[in-house]
Amino acid sequence: VSVETPLSAGYFPVQADETTLAWAAKQVSLGRVPYADFFTIIPPLTLYGVGTFFKAAGASLGALRLLTLAWILLIALAQYGLLLRSAVPPRWAFLGALSFPSAFFPFWPLPSHHWFALGFGLLALFLCREGDVSRRRAVAAGALCGLSGLCLQTDGALFSALLSMRLLTSGAPGGDRRRSLAAALGGIA
């Protein structure tokens, strides 16, 4: 008989966020409407996204954990790109990109709407990472901030504020900064 300790790689306790998310997403995959047919505090994009994933992969905690691991890899890649664009040497950028998920081990494989919101927000910042930002990129970044808010409202607000500050302090002339900000806000709305 082997006993897993809370810090071992094989120990993945069932957490409230993942069971709440899995149950609600399974209800969506079965055709039930959140906030009308059942109550949940999780915002809609996470529910419909994971519900669609469940229709394709089957509704299970294992499948949801694999989706979360793939999403966290996307987050690490976005962090790596942001750090490289900030003139961080590649070795330190790699370590920096891995530091966030590894700081939360063993809990990072556990699904939560927080991970999905963080991923969309970091992708928004990645789109506006350098120099003058075109209106097309600003709209796409604003839309990603909006998607972040549909996963977790507070993250959406945070990334919208960060994106706005980034666009207001860009190297573009004043008129272009205002147009990029207006385009991003149009994408957020």
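Quick note: numbers below take in every heavy atom, side chains included, and nothing from hydrogens, waters or symmetry partners.
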Discussion item. Taking G51's backbone N and O only, do any of them form a donor-acceptor pair with S29's side chain (distance below 3.5 Å, no angle check)?
Written reply: no

Item to complete: Please check if V50 and L47 belong to a single hydrophobic cluster, counting links between Ile, Leu, Val, Met, Phe, Trp and Tyr side chain heavy atoms closer than 4.5 Å.
Response: yes

Worksheet item: Which pair of heavy atoms, one from V28 and one from Y48, lies closest together, and at what distance?
Response: CG1-CD2, 3.5 Å

Worksheet item: Rounded to the nearest 0.5 Å, how far does CD1 of I72 lie from CG of L98?
Response: 11.5 Å

Response to the item:
S148 and F159 have their tightest heavy-atom pair at OG-CD1, 3.8 Å

Practice prompt. Evaluate the side-chain proximity of L123 to L147: yes if any heavy-atom separation is below 4.5 Å, no if none is.
Written response: no

Worksheet entry | Closest non-hydrogen atom pair, A138 against L167 | CB-CD1, 4.4 Å

Worksheet, complete the sentence: Rounded to the nearest 0.5 Å, the CD atom of Q153 sits from the NE2 atom of H113 at a distance of 7.5 Å

Worksheet item: When rounded to the nearest 0.5 angstrom, what distance separates CD in Q27 from CG in D37?
Response: 9.0 Å

Discussion item. I'd like to know whether CZ of R32 has more than 12 heavy-atom contacts from other residues, nucleotides or ligands below 6.0 angstrom.
Written reply: yes

Discussion item. Are the side chains of L30 and F54 in contact, using a 4.5 Å heavy-atom criterion?
Written reply: no

Discussion item. Hydrophobic clusters here meaning ILVMFWY residues chained together by side-chain heavy-atom distances under 4.5 Å, can you tell me if L45 and L152 are in one?
Written reply: no

Worksheet item: Which atom pair, heavy atoms only, marks the closest approach of L83 to A93?
Response: CD1-O, 3.5 Å

Fill in: ILVMFWY network linking F39 to Y35, side-chain heavy atoms under 4.5 angstrom
no

Worksheet item: Any link between L127 and M165 through a network of hydrophobic side chains (Ile, Leu, Val, Met, Phe, Trp, Tyr) touching at under 4.5 Å?
Response: yes

Practice prompt. Kindly give the heavy-atom pair with the smallest separation between T46 and I42, and that separation in Å.
Written response: CB-CG2, 3.9 Å

Discussion item. Please check: side-chain N/O of R166 versus main-chain N/O of C128, any donor-acceptor pairing under 3.5 Å?
Written reply: yes

Worksheet entry | Side chains of W115 and C151 in contact at under 4.5 Å (non-hydrogen atoms) | no

Fill in: Atom CZ of F126: over 12 foreign heavy atoms under 6.0 Å
yes

Practice prompt. Step through it carefully: locate the ring centre of W71, locate the ring centre of F120, and say whether they are under 6.0 Å apart.
Written response: yes

Response to the item:
Between T40 and P34, the two heavy atoms sitting closest are CG2-CB, 4.3 Å

Discussion item. Rounded to the nearest 0.5 Å, what separates atom CD1 in I75 from atom OG1 in T68?
Written reply: 9.5 Å

Worksheet entry | Heavy-atom side-chain proximity of L122 to Q79 below 4.5 angstrom | yes

Discussion item. Rounded to the nearest 0.5 Å, what separates atom CG in L69 from atom CG in L64?
Written reply: 10.0 Å

Worksheet item: Side-chain contact, heavy-atom cut-off 4.5 Å: W23 with T19?
Response: no

Discussion item. Can you tell me if W92 has over 12 outside heavy atoms packed within less than 6.0 Å of its CH2?
Written reply: no

Discussion item. To the closest 0.5 Å, what do you measure between SG (C145) and CG (L162)?
Written reply: 8.0 Å

Practice prompt. Tell me whether F116 is reachable from L77 by hopping between hydrophobic residues (I, L, V, M, F, W, Y) whose side-chain heavy atoms are closer than 4.5 Å.
Written response: no

